[in-house]
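Report on the following structure.
Sequence positions, counted from 1, serve as the residue numbers for this chain.
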Amino acid sequence: MDALFQGTLVKSNRIIYTPSGFAKTNLFHLQETGTLQAQKPHTSKRDKLISYLFFIVLSGSGNLVYDGAKYQLLTGDCVFIDCKKTYSHRSSENLWTLKWIHFYGPNMNGIYGKYAERGGRPVFHPKNPLPFLELLEQLFSIANSADYIRDMHISEKITSLLTLLMAESWHPEADAPVVLKKQSLHHVKDYLDQNYREKITLDDLASTFFINKFYLTRIFKEQFGISVNSYLAQIRVTHAKQLLRFSDLTIEQIGRECGIEEPAYFARVFKKVEGIAPGEYRKMW
């Protein structure tokens with residue numbers, strides 16, 4: 001299935017992949033993957049592709065034009081973009097070699113949106129590119145195999161790639177003033193972990209830790225990717241699920257055990273986090 005192509009512009013070893021209908025509908029699926037070596041400077045331009053592209057510059061240099069911005073690409077740089085937007089890339093005279101993957105899947109638009117929201121960039125330079133390279137090599141090998149469940153394995157590897165990308169995306173320091181970069185709110189997070197049974201408000205936290213509540217709200221979200229109130233709700237709902245499954249306490253009692261006195265409010269919080277009411281969750285499990 002892999003094809004070695006030697007042209008005047010590029011030399012490539014690629015797999016153009018056709019996933020099953022099941023994979024297209026339900027899994028992260030591969031469209032194309034391979035390695036490309038430029039033979040002379042040239043521009044590749046695409047737009048309106050229902051695809052996401054990730055590639056690593058193995059050697060050489062070039063540039064990327066994407067979403068109205070131009071990026072210089074050097075050896076070791078990685079690119080992760082939404083191909084529905086117009087993009088182009090061009091090798092410099094220092095002819096580059098790229099390893100790439102085009103892929104798609106359910107919820108990719110939401111995942112890429114979260115990547116961007118967390119600070120993910122179209123171009124980044126990882127401290128350790130080896131895990132990315134290994135995953136691309138594994139994907140090529142799986143796509144070139146006769147494994148009858150290869151679409152499942154491909155989806156698994158793409159999930160691992162997206163996990164690496166999401167970890168790489170977290171740059172809370174990028175927009176924070178220098179004075180805030182050394183601040184840590186882990187002690188606040190630990191306090192929430194230990195005291196979620198108590199009634200806790202932003203004003204209470206600000207008073208307890210002598211922190212301005214607006215500063216607390218902003219920096220907590222920057223450091224942990226979630227608001228204080230949402231984090232507290234997650235802790236309470238997780239504990240509530242344990243009690244719903246493994247205790248005989250009433251739903252009202254469970255709400256109080258989780259720091260929420262008002263049963264109706266507890267039910268709203270639980271449903272917002274879990275998607276179903278506490279009673280439905282207990283019956284389901």
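Within a 6.0 Å radius of CZ in Phe209, more than 12 heavy atoms belonging to other residues, nucleotides or ligands are found.
Leu139 CG to Phe54 CZ: the interatomic distance, rounded to the nearest 0.5 Å, is 10.5 Å. Atom CG of Leu36 is separated from atom CH2 of Trp100 by 5.5 Å, given to the nearest 0.5 angstrom. Between atom CG of residue Asn128 and atom CD of residue Glu168 there is a gap of 9.5 Å, rounded to the nearest 0.5 Å. Taking OG1 from Thr217 and CG from Leu202, the interatomic distance works out to 4.5 Å, rounded to the nearest 0.5 Å.
Side chain of His89 to main chain of Tyr87: no donor-acceptor pair is present (N/O by atom type, distance under 3.5 Å, no hydrogens or angles). For Arg46 (side chain) and Thr86 (main-chain N/O), no donor-acceptor pair under 3.5 Å exists by modelled atom type. A distance-only check finds a donor-acceptor pair linking the side chain of Asp151 to the backbone of Ser20 [under 3.5 Å]. At least one donor-acceptor pair closer than 3.5 Å links the side chain of Asn212 to the backbone N or O of Tyr215. Of the possible polar contacts, none joining the Gln194 side chain to the Tyr191 backbone as a donor-acceptor pair under 3.5 Å is found. Put simply, the side chain of Glu280 gets close to the backbone of Ala277: a donor and an acceptor are under 3.5 Å apart. Using modelled atom types, one side-chain atom of Asp77 and one backbone atom of Leu74 make a donor-acceptor pair closer than 3.5 Å. The backbone N or O of Trp96 lies less than 3.5 Å from a partner atom in the side chain of Ser91, making a donor-acceptor pair. Although no hydrogens or angles enter the test, the distance criterion places a donor-acceptor pair under 3.5 Å between the side chain of Tyr66 and the main chain of Asp82.
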TODO: Begin from the C-alpha positions of Lys213 and Asp203 and carry the test salt bridge (charged side-chain N to carboxylate O under 4.0 Å, His left out) through to its verdict.
DONE: CA-CA 6 Å; Lys213 70 177 181 180; Asp203 288 326; 3.2 Å; yes
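In this structure the side chain of Ile260 never reaches within 4.5 angstrom of the side chain of Lys199, judged on heavy atoms. You'll find the side chain of Ile111 stays beyond 4.5 Å of the side chain of Leu165, heavy atoms only. No side-chain heavy atom of Lys48 sits under 4.5 Å from any side-chain heavy atom of Lys84. Taking 4.5 Å as the limit, some side-chain heavy atom of Phe220 sits within range of a side-chain heavy atom of Tyr231.
Residues Ser88 and Thr43 bring no donor and acceptor atom of their side chains to less than 3.5 Å of each other. If you check the side chains of Lys99 and Thr35, you find a donor sitting under 3.5 Å from an acceptor. Using a 3.5 Å distance cut-off with no hydrogens or angles, the side chains of Tyr52 and Asn109 do pair a donor with an acceptor. With hydrogens and angles left out, the side-chain atoms of Ser61 and Ser92 include a donor and acceptor closer than 3.5 Å. Side chains of Ser51 and Gln31: a donor on one and an acceptor on the other come within 3.5 Å. A donor atom on one side chain and an acceptor atom on the other are not found under 3.5 Å apart for Ser207 and Asp204. Between the side chains of Lys157 and Gln138, at least one donor N or O sits under 3.5 Å from an acceptor N or O.
In this structure, Tyr17 has its ring center no closer than 6.0 Å to that of His102.
Just one residue in the list Gln234, His239, Arg236 forms a side-chain hydrogen bond (donor to acceptor under 3.5 Å, both in side chains) with Tyr196, and that residue is His239.
The aromatic rings of Phe80 and Phe103 sit parallel to each other, their planes meeting at less than 30°, with 60° as the upper class boundary.
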